[in-house]
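Just so you know, these numbers come straight off a predicted model, no measurement behind them. One is the number of the first residue; the rest follow in order along the sequence.
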Amino acid sequence: MYMRKFLEQKYTLWAILLLAFILRIIPAFSAVSDEKRPIRPDSSGYLEPAKELLASGTYSSTRRPPGYPVFVSAIYAVGGNNSAVVFIQVLISVAVCAVTACTAKEYAGNAAGNLAGLFMALNLTAIANAPLLLTDTFFALFTAITFYLFIRYKKSSRLPWLIGTAAVAAVATLIRPINQLFILPLMVLTAFLPQMRWKKKLIHCAASFVLFLLIITPWMFRNYLAGATFDIDTNTGAMRHQNGAMLLAKVNGTDFESEKAKLLKLEAETFADTEKFPDERTKENWRKAEFRKMVLAHPVTYFCQHFDPLIFMPDAPTLLECFGVTSSDRGTMGVLKKDGIFAAVRHYFGENYLSILLFLIPLLIPVMFLYLAFAGKLIKDLITWKSSYFEILLFLAFAEYYLFLPGSITAPRYQLPALPCLCTLAACAILTFFRKNDKTAGNTEN
């Protein structure tokens, strides 16, 4: 009862957002103290096009989509640098907490909204990734807004809310191509809305589908005219030496790093024939064709690799890297996949792993509660699926979609777009538990 009263106070959300800001600004200040800390191997693929946009107003690359480089270039244009990008991403990460709270409030009331916002504010992975010069935090804001707009649509059945959902989802695709297929689960959700007739559902599905395509296809056509494939980017082929290496390591009983090295060596030797591979289109088509061969040779293994619970791991390594305690790119993912989580922890943290884990406990506990509450909610929904089927569909569209598509590359930051949905459902589960306890206590007193 007391917890629910606290969560329903009008100033509670502001306190949560202040907490979220403090938890994110501290590692951000540490990260920018060394210009290398916010940088990852993929960062240059976004920062270089941003610099090119600022210098010449052109975007010659087809390797990455334009959304994040445009965002960074806008900061550069007003005199900002990479540190400014980091601090703005801190604000964006706090905004994700606010949007998550608003979504849960629409879905289940004020208390659920504040509790979901608190889960997001305390999430170790969200805190750790805010300073990184990568797309994840920026992308998470758009997926959170998408979830909010759809919940508004679910309540009203009004087309503008669905149009807004499709538009934001399409813009998010221009930040990270993983969103390219999101229009499909969005249409499925629309089709299963119980309060609308089928004619109206079909009209709404068609309108959202057309708008989604109108936003993403011009950029795909631009890439094709530039000599690339008709895609959002030409980084999809990297799945050959990423997911493909994981697949081969599993099949051959080897390790990720050695398989990746072999695949990259073969790729370099193949592309040395410049007559056969003169441009990005021919190279990307070869990468994708080779990856398809791997998948078709081991379809069951590849499919099973998409259900790896390790994607839920809190991103403690990135947080420590922000503080300069550890460094990235130490082959930990290969150890994780081959020898398991405990071997990976010892490999990454070294002989001081126990003391480091004890230091992280205050941030690991909220994540544990989030996962336990969400798991309980999902189990309950599956048991009562006839009455809870739409909530299951919400989970599949706004959480499992983002957890499934990365496949065997279980980087913790890939869970960020799924967190608004997970936090919302976990908040609902906890409040349901407390309501039942309040009723039990009331009946006992009577």
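Among the candidates Thr234, Asn223, Asn235, Asp279, the single residue satisfying the side-chain hydrogen bond (donor to acceptor under 3.5 Å, both in side chains) test with Thr62 is Thr234. For the side-chain hydrogen bond (donor to acceptor under 3.5 Å, both in side chains) criterion with Thr58, the lone passing option out of Ser56, Ser61, Ser60 is Ser56.
Below 30°, between 30° and 60°, or above 60°: for Tyr401 and Phe182 the angle between ring planes is above 60°, a perpendicular geometry. Taking the six-membered ring where the residue is Trp, Trp286 and Phe271 present perpendicular rings, their angle passing 60° and hence far from 30°.
For an aromatic pair to be called close, the ring centres must be under 6.0 Å apart, and Tyr153 with His204 satisfies this. The ring of Tyr402 has its center no closer than 6.0 angstrom to the ring center of Phe398. The aromatic ring centroids of Phe312 and Tyr371 lie less than 6.0 Å from each other. In summary, the aromatic rings of Phe307 and Phe404 are positioned with their centroids under 6.0 Å apart.
The side-chain hydrogen bond (donor to acceptor under 3.5 Å, both in side chains) check on Arg24 picks up Ser93, with sequence neighbours excluded. Take Tyr68 and apply the ring pair (Phe, Tyr, Trp, His ring centres under 6.0 Å) test, not counting sequence neighbours, and it matches Tyr46, Phe71. By the side-chain hydrogen bond (donor to acceptor under 3.5 Å, both in side chains) test, Tyr76 pairs with Asn82, sequence neighbours left out. Applying the side chain to side chain contact (heavy atoms under 4.5 Å, CB included) criterion to Ala167, with sequence neighbours excluded, gives Leu211, Ile215. Legend: residues meeting ring pair (Phe, Tyr, Trp, His ring centres under 6.0 Å) with Phe119, ordered by chain and number and at least two apart, are absent.
The residues Lys36 and Glu321 are annotated as not salt-bridged, no charged nitrogen and carboxylate oxygen being separated by less than 4.0 angstrom.
Between the side chain of Ser388 and the main chain of Trp385, no donor-acceptor pair closer than 3.5 Å is present.
For residues 165-184, the pairs satisfying salt bridge (charged side-chain N to carboxylate O under 4.0 Å, His left out) are Asp136-Arg176, with sequence neighbours left out.
No hydrogens or angles considered: nothing links the side chains of Arg413 and Thr318 as a donor-acceptor pair under 3.5 Å.
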